[in-house]
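Shown next, in C-alpha cells, is the structure this report addresses.
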Amino acid sequence: MDNTSEQKTENQEKKKIVRGPRLNQKLKIMYLMKILLEETDEDHDLTLNEIVEKLKAYNVTAERKSLYSDIENLRTFGLDIIGMQYGKTYHYKVASRQFQLVELKLLVDAVQSSRFITEKKSDELIAKLESYASKYEAKKLARQVNVNGRVKTMNERIYYSVDKIHEALNEESQIKFQYFTWTADKKMELKHGGAYYSVSPWALCWDDEKYYLVGYDNREYKIKHFRVDKMADVSVVYEEREGKEGFSKMQMSEYTNRLFGMFDGNLETVTLLCENHAANVIIDRFGTDIPLMKTDAEHFTVRVRVSVSKLFLSWIMAIPGVKIVAPEHTVDMMKSEIKRLQEMYL
C-alpha cells in the first residue's frame, strides 16, 4: 500500500471516531466513577437524582435503571460503593479508598516537612495526593505541618538525579556527576573546577532530612557519601560497579548509625561516661541492643562505634551528663574543640 492509500485509510478511520456528546455518553460509567470518588466519602453521599444532574455537566444523560447497573459494575470492578435508604430515597457513597485519610495526612506531612523537596514540587505532589481523596477530605489535607520559614532545597533537578541513581542501582552500573557547594554570595560553585566524580552507587539513604548517595569512589578507592541535592549533571556509566567486597561486609544501618549528620571521620570505638538520665538519649541514638554498663548508683558507661567528627563532638557537648573518657586522643580532640570555642566566644 502506497503512502496516499495509507493516508486515505487513516482519514476514514478518524471519521468513525464518535465525538462530542455521543463520545461522552460512551464514557458514562467513567464519569460516574469520577463523580462518586470526588463528591462522596464516609460523611458525604449522593442520591440518584443528584448523580443524574452531575452527569449532565459532562453532557451525559442517564436513566435510573441504567445507573443501578453501572453502580453494580463499578462494585464488581472493585469500587467500595455503599447504598443506604433514607425513607424512600437511596443514597450512595464510596466508603473506602486506596488510601485512608490518615495515611494521606501522613504523606502530606512528610512532603511538606521534607527539606530536599522544593516548594514547587511539594505543591505538585500534594495536589496529586489530594486526588486520592474526595473534595471534602482534600480540604483537610490543606492544613498539616506549619513549615513557615522552612529551608527548602533550590535544586529542582534532584528528581532527575534520583532517577538516574536508581537506574544505575538497578543496572548495577556506575555514575558520573559534578558536585557543588554554596559560596558566600549565594552562588553554586562546582568543586574541583567542575571535574566529574566517578562513583559506583550502592545505596540511597535518608538522614537529618537530607538525601544521600552512598557509593564507592572509583578514584579514591573508598566508600563515601554525597548529598544528592548538591549533585549536578548525573549520568549513568554502563560499566560494572566497583567496591562490592567493601559493601558486602557492611550493613547500611550500621554505616549511617555511626555517622552524625552524615559527617565522616575516623571510625573509632569511643567510651562514654553517662549520668543515668542520659540513657534515654543514648538508646534513642544507638538502639536498645547497646550494652549500658553500670559504674555506680548514678552513672553508667557505654562503648559506641562512631565516626569521630566535629559534629559528633558537638552532639556530646549538647547532652548534659555525658563525657568522653576513651580513647585518649579523642578526649584530646574534645579539649581542643572546647578551647577553640572558648577563644571564639570568650
Side-chain angles (χ1 to χ4, degrees), residues 106 109-110 113-116 150-151 201-217 220-228 230 243-346:
L106 287 172
D109 284 352
S113 301
S114 175
R115 295 183 59 166
F116 96 91
R150 170 60 61 91
V151 177
W202 285 92
L204 281 166
C205 66
W206 180 266
D207 186 85
D208 193 26
E209 301 186 64
K210 299 178 183 68
Y211 225 169
Y212 291 89
L213 162 69
V214 181
Y216 183 81
D217 191 306
E220 296 187 19
Y221 308 108
K222 65 178 183 179
I223 296 171
K224 296 175 66 176
H225 54 267
F226 304 87
R227 282 263 300 272
V228 177
K230 292 190 174 183
K244 182 177 181 179
E245 182 178 352
F247 276 91
S248 64
K249 298 177 181 178
M250 181 187 73
Q251 289 188 354
M252 189 54 55
S253 59
E254 293 179 358
Y255 176 79
T256 55
N257 198 43
R258 77 191 188 203
L259 300 175
F260 283 76
M262 296 301 287
F263 278 78
D264 211 348
N266 293 326
L267 183 61
E268 298 178 359
T269 299
V270 178
T271 303
L272 307 176
L273 176 64
C274 312
E275 295 178 6
N276 288 339
H277 64 80
N280 184 58
V281 178
I282 297 297
I283 291 173
D284 277 349
R285 173 68 206 193
F286 298 103
T288 56
D289 292 336
I290 192 166
L292 305 183
M293 295 165 283
K294 187 175 181 178
T295 55
D296 56 43
E298 299 178 350
H299 298 84
F300 65 89
T301 58
V302 61
R303 301 177 76 230
V304 295
R305 188 77 171 160
V306 296
S307 291
V308 179
S309 64
K310 286 190 175 181
L311 199 63
F312 167 69
L313 300 179
S314 299
W315 182 77
I316 294 294
M317 290 181 195
I319 308 173
V322 176
K323 177 182 178 180
I324 300 174
V325 293
E328 187 175 347
H329 65 269
T330 305
V331 175
D332 291 339
M333 285 179 62
M334 177 63 88
K335 290 178 180 178
S336 297
E337 184 65 7
I338 293 171
K339 183 179 179 180
R340 182 185 70 82
L341 293 172
Q342 286 179 325
E343 291 173 352
M344 181 178 293
Y345 291 101
L346 299 180

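The structure presented is a predicted model; accordingly, all values stated were derived computationally and were not measured.
Proximity of Leu267 to Val308: side-chain heavy atoms (C-beta onward) are nowhere separated by under 4.5 Å. Residues Cys274 and Ile282 form a side-chain contact, since some pair of their non-hydrogen atoms from C-beta on lies under 4.5 Å apart. The side-chain heavy atoms of Asn276 and Phe300, taken from C-beta on, include a pair separated by under 4.5 Å. Counting heavy atoms from C-beta outward, Leu272 and Val304 have side chains that approach closer than 4.5 Å. No side-chain heavy atom of Tyr212 sits less than 4.5 Å from a side-chain heavy atom of Leu204. In this structure, the side chains of Trp315 and Val322 stay at 4.5 Å or more apart for every pair of heavy atoms. Residues Phe312 and Ile324 are in side-chain contact: their nearest non-hydrogen atoms beyond the backbone lie under 4.5 Å apart.
For the residue pair Ala278 and Pro320, the shortest heavy atom distance occurs at CB-O, 4.4 Å. Pairing each heavy atom of Ile223 with each of Tyr216, the nearest pair is N-CD1, 4.2 Å. Scanning both residues, Val302 and Pro291, for their nearest heavy atoms gives CG2-O, 3.5 Å. The two residues Glu268 and Pro327 make their nearest non-hydrogen contact at OE1-CG, 3.9 Å.
Partners of Phe226 by ring-ring contact (aromatic ring centres under 6.0 Å, His included), not counting sequence neighbours, listed by chain and number: Phe177, Tyr179, Tyr197. Residues forming a side-chain contact (heavy atoms from CB on, under 4.5 Å) with Thr269 (at least two apart in sequence, or on another chain): Arg303, Arg305. With sequence neighbours excluded, the residues forming a side-chain contact (heavy atoms from CB on, under 4.5 Å) with Ile338 are Met317, Met334, Gln342, listed by chain and number. Residues satisfying the salt bridge (charged side-chain N to carboxylate O under 4.0 Å, His left out) test with Lys222, not counting sequence neighbours, are Glu220. Take Arg340 and apply the side chain to side chain donor-acceptor pair (under 3.5 Å) test, not counting sequence neighbours, and it matches Glu337. Applying the side-chain contact (heavy atoms from CB on, under 4.5 Å) rule to Val325 yields the partners Thr271, Leu273, Lys323; only residues at least two apart in sequence or on another chain are considered.
Annotation: the span from Glu343 atom CD to Leu341 atom CG amounts to 9.5 Å, rounded to 0.5 Å. The CG atom of Leu213 sits 13.0 Å away from atom CZ of Arg227, with the distance rounded to the nearest 0.5 Å. The CD atom of Glu298 lies 9.5 Å from the NE2 atom of His277; values are rounded to the nearest 0.5 Å.
At distances below 3.5 Å, at least one donor-acceptor pair connects side-chain atoms of Ser314 with backbone N or O atoms of Lys310.
A donor-acceptor pair shorter than 3.5 Å can be found between the side chains of His299 and Asp296.
Atom CD of Glu275 has more than 12 neighbouring heavy atoms from other residues, nucleotides or ligands inside a 6.0 Å radius.
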